[in-house]
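Beneath this line is the structure, given in structure tokens, with notes to follow.
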Protein chains: 2
Amino acid sequence: MPIVSVTTSSASLAELTGRDRILQEAAELFLTKGYGDTSLRDIASAVGIQPASIYHHFSSKEVLFTEILRIGIEHTTEAFDRTNADLNADAPPGIALLAHVEAHLTALFDHGPYTAANIVVFPVAPDAVKAAVVPIRDAYEQRWDTLLRELATSGQLDPDLDVRMARRIVLGSINSTIEWFNPTDSQKDAQSVTDLAKVMTDLVWKGIGA
Amino acid sequence: MPIVSVTTSSASLAELTGRDRILQEAAELFLTKGYGDTSLRDIASAVGIQPASIYHHFSSKEVLFTEILRIGIEHTTEAFDRTNADLNADAPPGIALLAHVEAHLTALFDHGPYTAANIVVFPVAPDAVKAAVVPIRDAYEQRWDTLLRELATSGQLDPDLDVRMARRIVLGSINSTIEWFNPTDSQKDAQSVTDLAKVMTDLVWKGIGA
DNA sequence: GTCTATATCTTGATAGAC
DNA sequence: GTCTATCAAGATATAGAC
């Protein structure tokens, strides 16, 4: 159960309550223009309120940004845990990997700017924001380490790779799709996130060679 | 032959002439703190000059940033072409891929912030900067399309992937190493960029499965 | 090619009414 | 919970001396 309920994916933009609308619009702007080039005036204007009103919900711009990143990780972590719960205990490792890649990519493309901001904007975030977010990121990455360790101990992973490096490669590779994949306009090879998950799982599992 | 000679990798920081020192320090700051949160004051202070002096070399902050990104792509493109020239005409496709992955990664980690900024900061760059840089990015990507098309026509590429998608996956995957690989501190699996290139070529070619 | 000085604008944030 | 009004600091950029 999440500590804070997030209504971003269920409700349409106009229906969102004040705080959530600020988060949504801010996340979109941060993702598009970056943190430093997005002013509180920009955000307020997008929401349709005055800049000062933001401070009723968030004590500073950094706190607002931190909360956006936190929500994104929360979505992703919950998707991982849900997938684990759904997986049959003796599912073959290939299936488990595919399921988690799909869960990760779905979280990435379904919760719009919250999850994407963790990939695109986090690397250049202010130090205070990074420091606040790193622990929650770590908790998510450890879930992947556990998953990949199981693959390694059952001899399914390239023995030359250690688990941490494998995780970085896998997550880095699937995260990089954020730069070009758009689930709304259908593409030749991957029309849906499910298609994309299949393609990317094939990449990390078998490579792109024929 | 490059239009503008760039002395960034050959000369040490203190030896750089005015213009190049500004570029170097600015690139480092943009990469660390992002574009919007890096002021011309920050850059001037890092170089040891006054903010106004920057305008003798660059007409605006956006022009300075654009030039940084351009230099990064120039390095990478030249590395690609050099690799092509060095490759034996009848080298096996696996070798050609490995050589180009290594060339790309070497450019990425050897020219410090210039190339890295193209991955980390470009996605949130101002529209004017993006517009100026996109054409040169495209020219580089087309080189990869050509390379991968050759692999595809010789039946070495997964036939379910089209060339554009394969290129995005390959470049996205190897570029994502910028987030965690550090050539200066040796790591367990990849101590050098050459090691990293081997690991990443294996990923895109054969996957990480055992 | 770098400086001092400064113009002009925008920024994050606060105070206090409603 | 949103508003008006405003502050103090920092932003990009310019003018002109050396």
Side-chain angles (χ1 to χ4, degrees), chain A residues 4-5 7 11 13-30 32-69 117 121 124-132, chain B residues 4-5 7 11 13-30 32-69 121 124-130 132:
Chain A
V4 179
S5 86
T7 53
L13 222 171
E15 293 166 349
L16 291 177
T17 164
R19 183 189 142 100
D20 284 346
R21 276 216 62 193
I22 294 170
L23 285 165
Q24 178 76 23
E25 299 284 0
E28 248 150 49
L29 285 165
F30 287 152
T32 309
K33 315 201 309 172
Y35 177 76
D37 275 327
T38 301
S39 68
L40 293 174
R41 283 172 166 80
D42 291 337
I43 298 165
S45 159
V47 176
I49 57 175
Q50 294 301 312
S53 306
I54 295 176
Y55 287 89
H56 177 74
H57 301 279
F58 305 96
S59 59
S60 75
K61 190 187 175 188
E62 288 195 350
V63 166
L64 166 60
F65 187 31
T66 303
E67 176 66 0
I68 286 167
L69 296 177
V121 201
V124 288
D127 289 341
V129 175
K130 275 186 179 166
Chain B
V4 180
S5 86
T7 54
L13 222 169
E15 293 166 349
L16 291 177
T17 163
R19 185 188 140 100
D20 283 345
R21 275 215 64 193
I22 294 169
L23 284 165
Q24 178 76 23
E25 299 285 359
E28 247 151 49
L29 285 165
F30 287 153
T32 309
K33 316 200 309 172
Y35 178 75
D37 274 326
T38 301
S39 68
L40 294 175
R41 282 174 162 80
D42 292 336
I43 297 165
S45 159
V47 176
I49 56 174
Q50 293 301 311
S53 306
I54 295 176
Y55 286 88
H56 178 73
H57 303 278
F58 305 96
S59 59
S60 74
K61 189 186 174 188
E62 288 195 349
V63 166
L64 167 59
F65 187 31
T66 303
E67 177 65 0
I68 287 168
L69 297 177
V121 202
V124 289
D127 289 341
V129 175
K130 275 187 180 165

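All figures in this text were calculated on a predicted structure; none of them were measured in a lab. Every chain is numbered from 1, with letters handed out A, B, ... down the list of sequences.
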_Phosphate OP1/OP2 of D:dA11: any B:Ser39 side-chain N/O under 4.0 Å_ =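 Indeed, a polar side-chain atom of B:Ser39 lies that close.
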*Can you find a heavy atom in the side chain of B:Glu28 that is under 4.5 Å from one in the side chain of B:Glu25?*
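Sidechains of B:Glu25 and B:Glu28: in contact.
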*Taking the side chain as every heavy atom from C-beta outward, state whether B:Asp20 and B:Leu23 have any atom pair closer than 4.5 Å.*
yes
*Sequence neighbours excluded - side chain to side chain donor-acceptor pair (under 3.5 Å) pairs with any residue from residues 53-65 of chain B*: none
Between [atom2] of [N] and [atom1] of [X], the distance in whole Å:
{"X": "B:Asp37", "N": "C:dT10", "atom1": "CG", "atom2": "P", "result": "18 Å"}
{"X": "A:Asp20", "N": "D:dG1", "atom1": "CG", "atom2": "P", "result": "12 Å"}
{"X": "A:Tyr55", "N": "C:dG12", "atom1": "OH", "atom2": "P", "result": "7 Å"}
{"X": "B:Ile54", "N": "D:dA13", "atom1": "CD1", "atom2": "P", "result": "10 Å"}
{"X": "B:Leu40", "N": "C:dT10", "atom1": "CG", "atom2": "C1'", "result": "15 Å"}
{"X": "B:Lys61", "N": "C:dT10", "atom1": "NZ", "atom2": "P", "result": "15 Å"}
{"X": "A:Phe58", "N": "D:dT2", "atom1": "CZ", "atom2": "C1'", "result": "15 Å"}
{"X": "A:Asp42", "N": "C:dT10", "atom1": "CG", "atom2": "C1'", "result": "10 Å"}

*Where is the tightest heavy-atom contact between B:Leu64 and B:Ala26, given as atom of each residue plus distance?*
CD2-CB, 3.9 Å
*Which atom of A:Lys130 lies closest to which atom of B:Thr32, heavy atoms considered*: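 Closest approach of A:Lys130 to B:Thr32, heavy atoms only: NZ-O, 4.5 Å.
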*Could you give the angle between the helix axes at the two ends of the helix from C:dG1-D:dC18 to C:dC18-D:dG1, with five pairs per end, rounded to 10 degrees?*
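End-to-end axis angle for the helix from C:dG1-D:dC18 to C:dC18-D:dG1: 10°, rounded to 10°.
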Pairwise N/O distances under 3.5 Å, protein to nucleotides 3-7 of chain D:
unit_1: D:dC3; atom_1: OP2; unit_2: A:Gln50; atom_2: N; d: 2.6
unit_1: D:dC3; atom_1: OP2; unit_2: A:Ser53; atom_2: OG; d: 2.8

Pairs under 3.5 angstrom only: tabulate donor-acceptor contacts from the side chains of residues 37-51 of chain A to other protein residues two or more places apart or in another chain.
unit_1: A:Thr38; atom_1: OG1; unit_2: A:Leu29; atom_2: O; d: 3.3
unit_1: A:Thr38; atom_1: OG1; unit_2: A:Gly34; atom_2: O; d: 2.7
unit_1: A:Ser39; atom_1: OG; unit_2: A:Arg41; atom_2: N; d: 3.4
unit_1: A:Ser39; atom_1: OG; unit_2: A:Asp42; atom_2: N; d: 3.0
unit_1: A:Ser39; atom_1: OG; unit_2: A:Asp42; atom_2: OD1; d: 3.4
unit_1: A:Ser39; atom_1: OG; unit_2: A:Asp42; atom_2: OD2; d: 3.3
unit_1: A:Asp42; atom_1: OD2; unit_2: A:Lys33; atom_2: NZ; d: 3.1
unit_1: A:Asp42; atom_1: OD2; unit_2: A:Ser39; atom_2: N; d: 3.1

*Kindly state each residue pair satisfying ring-ring contact (aromatic ring centres under 6.0 Å, His included) with at least one member in residues 34-54 of chain A, sequence neighbours excluded.*
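As it turns out, the ring-ring contact (aromatic ring centres under 6.0 Å, His included) pairs with a partner in residues 34-54 of chain A, which skip direct neighbours, are A:Phe30-A:Tyr35, A:Tyr35-A:Phe65.
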